[in-house]
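Letters A, B, ... mirror the listed sequences (proteins, then strands); counts begin at 1. Values reported hereafter were calculated over all heavy atoms of this structure, with side chains retained and with hydrogens, waters and symmetry mates removed.
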Amino acid sequence: LAHTCPGFPEHVGRDRALELLKPVLEDKAVAKVGQNLKFQSIVFNNRGIELAGLRFDTMIASYVINPGLKQHDLNFLAQHYLNLRKTTFEEVAGKGKGRKCFSDVDLEQASKYSCEDADVALRLMEVLGKQLREDENEELFYNVEMALIPVLLDMEITGIKIDKPFFSEMSETFSRELDQIEKEIYLEAGTEFNINSPQQLGTVLFDKLQLPILKRTSKTKAHSTDVKVLTKLAALPFKIPKLLLRYRTLSKLKATYLDSLVKLADPVTGRLHTSFNQTVAATGRLSSSNPNLQNIPIRGEEGREIRRGFVAEDGCRLLSADYSQVELRIFAHYSGDDAFIEAFREQEDIHTRTAAEIMSIGREEVTPDRRRIAKAINFGIIYGMGPHKLSEELGIDHETAKNYISAYYERYRGVARYRDEVIGAAREKGYVTTLFNRRRYLPDINHKNRIIRSEAERMAINTPIQGTAADLIKMAMIRIHGRLKKEGFRSRMLLQVHDELVFEVPEDEIDTAPKLIRSEMEGGFQLKVPLKVDMKIGRNWDEAH
DNA sequence: AACGTCACG
DNA sequence: ACGTACGTGACGTTA
Ligand SMILES: [Mg+2]
């Protein structure tokens with residue numbers, strides 16, 4: 001419709017066409033079927049049209065049917081489900097340097113390509129819809145994933161404001177320190193080299209300075225220089241490992257956050273607009289990209305400072321609401337274990353309780369160090385961790401680690417039962433499911449190689465837990481979004497970070513919005529244990545978290 | 001495009 | 001078809 005170049009035949013033109021189509025596109029009674037409807041909605045949104053009646057997204061249907069697939073594009077789906085070879089975009093527009101803008105593609109070809117897209121999507125709906133029904137995934141597909149599209153769309157369009165001068169100044173400060181460290185590293189190394197090159201760095205550390213090789217990299221068996229290796233090397237009488245650790249921290253934060261985010265912020269509004277990907281993570285989680293706003297630093301001191309650059313608009317505050325230990329609570333629910341469930345019902349400190357259980361001591365005898373051990377085990381168990389990793393993680397010997405784990409399974413019998421059941425079911429069916437029937441296939445669960453099979457078993461243990469947490473927060477998001485709109489709030493949902501939701505709240509809604517949010521996050525579904533949400537309000541994301 | 005590295009839950 | 005705890009995305013280097 002936007003074809004305008006001279007030589008094209010006379011046609012209705014984009015603006016007039018959109019004017020004519022607008023009532024149909026915005027009519028929710030007219031069902032829309034297509035591939036990647038959130039993207040289509042953004043395109044229409046740029047022309048002032050609010051696509052309504054989103055009925056069936058083929059990309060998302062494919063993801064619900066098999067979230068482990070790496071591809072859900074229309075060409076793949078056509079081939080896979082319809083045994084049909086669709087014209088590719090490259091075939092009509094070309095690729096590389098010679099690639100044309102779609103509005104310059106021959107009109108006949110462009111029309112045919114566009115119609116094929118629509119036709120294939122509609123035909124896919126039949127096949128995918130049948131599969132969804134067969135797998136008992138219609139609830140999850142329509143009421144969770146499809147319903148989530150307009151929520152994510154609003155979040156992406158709203159964006160979050162950053163303080164650009166704050167980031168730029170911080171970047172300058174980092175630059176000065178980096179220059180300083182760079183010189184010191186060259187001095188210690190006795191040569192200049194590219195510090196950002198793990199290969200060149202390896203040569204300096206392990207050939208020139210003859211430091212011990214502690215680890216090799218997984219793919220190429222090169223000499224590893226990662227943070228664990230450098231931390232161990234820092235105990236030796238060399239200055240260079242510590243300098244490198246500092247250099248790595250600063251350059252990571254500068255390149256990935258300070259400099260990149262400023263470039264991506266809208267020049268007028270100062271807001272960042274991420275993409276929430278609904279068809280990437282094999283467990284049912286969302287992912288975020290361009291920029292990724294789900295991995296903003298928080299752990300280190302300088303990293304934490306970066307959060308202060310995520311701010312609320314004038315007259316607003318940021319509100320962060322995050323689930324407390326949601327995965328452990330889901331794990332307790334699945335295990336059905338009395339001791340585990342009781343701990344959460346009585347609002348006990350779960351790590352203290354675990355320490356007391358596995359060390360057979362009174363809760364008053366649990367020291368901070370014992371609690372730390374129990375915390376690592378609680379975390380490790382939901383990932384299917386073995387004694388090897390636990391001993392390494394805690395710096396204890398292999399035998400002790402083994403004893404802790406067996407004591408854990410002894411005291412929390414339900415946990416052992418869960419582990420055996422979920423692995424057994426996976427072997428039998430070839431997949432595991434979440435509480436809301438989201439499926440993940442694990443073809444390697446019966447593999448004859450122990451290492452590969454163990455990997456699949458850990459996925460079998462973890463996926464129902466991580467996936468159920470993802471299902472729960474998605475449902476909460478849908479309800480919160482619906483109520484904020486229906487009840488006339490001006491508060492907006494901005495971000496989701498797996499167990500956390502971030503909102504921008506006008507000052508006059510600070511007394512009302514949090515109650516709504518908490519109620520929908522905690523109360524959407526009754527598990528055998530209560531769900532708990534921590535909330536905080538601040539002028540920036542650091543203060544709010 | 002693959003790799004090593006490192007930011008998050 | 002590979003190390004050993006799950007799930008992601010981005011950066012800079014190298015081939
Ligand atoms: Mg939390």
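- Atom name P, nucleotides B:dC3 and C:dG3: the rounded distance is 11 Å, in whole Å.
- At the heavy-atom level, A:Q199 lies under 4.0 Å from the strands shown only through sugar-phosphate atoms.
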**Asked** Step by step, would you call A:D259 with A:S171 a side-chain hydrogen bond (donor to acceptor under 3.5 Å, both in side chains)?
**Response** CA-CA 7 Å; A:D259 296 343; A:S171 176; 2.7 Å; yes
**Prompt:** So A:R440 and A:T463, side-chain hydrogen bond (donor to acceptor under 3.5 Å, both in side chains) or not? Walk me through it.
**Reply:** CA-CA 8 Å; A:R440 180 183 185 182; A:T463 296; 2.9 Å; yes
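- Here the P atom of nucleotide C:dC6 and the CD atom of A:Q325 are 21 Å apart, to the nearest Å.
- Side chains of A:E455 and A:H447: a donor-acceptor N/O pair is absent below 3.5 angstrom, by distance only.
- Between A:E302 and A:K252, no side-chain nitrogen of the basic residue sits less than 4.0 Å from a carboxylate oxygen of the acidic one, so the salt-bridge criterion is not met.
- Using a 4.0 Å heavy-atom cutoff across all strands shown, A:R299 reaches at least one base atom of the nucleic acid.
- At the heavy-atom level, A:Q200 lies under 4.0 Å from the strands shown only through sugar-phosphate atoms.
- Contacts of A:D322 with the nucleic acid, taken as non-hydrogen atoms under 4.0 Å apart, are absent.
- Nearest-nucleotide positions on DNA chain C for A:H447 and A:Q466 put A:H447 closer to the 5' end.
- Atom CG in A:L264 sits about 10 Å away from atom P in C:dA10, given to the nearest Å.
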Please list every donor-acceptor pair under 3.5 Å in which a side-chain atom of residues 528-537 of chain A meets a protein atom from a residue at least two apart or in another chain.
from, atom 1, to, atom 2, distance (Å)
A:K536, NZ, A:E543, O, 3.4

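- Here A:R419 does not pair with A:E457 in a salt bridge; the nearest charged N to carboxylate O distance is not below 4.0 Å.
- When DNA chain B is scanned in the 5' to 3' direction for atoms under 4.0 Å from non-hydrogen atoms of chain A, the outermost contacting nucleotides are B:dC3 to B:dG9.
- Across all strands, A:S454 comes closer than 4.0 Å to no nucleic acid atom at all (heavy-atom distances).
- Nucleotide C:dC6 holds its P atom 12 Å from the CD1 atom of A:I382, rounded to whole Å.
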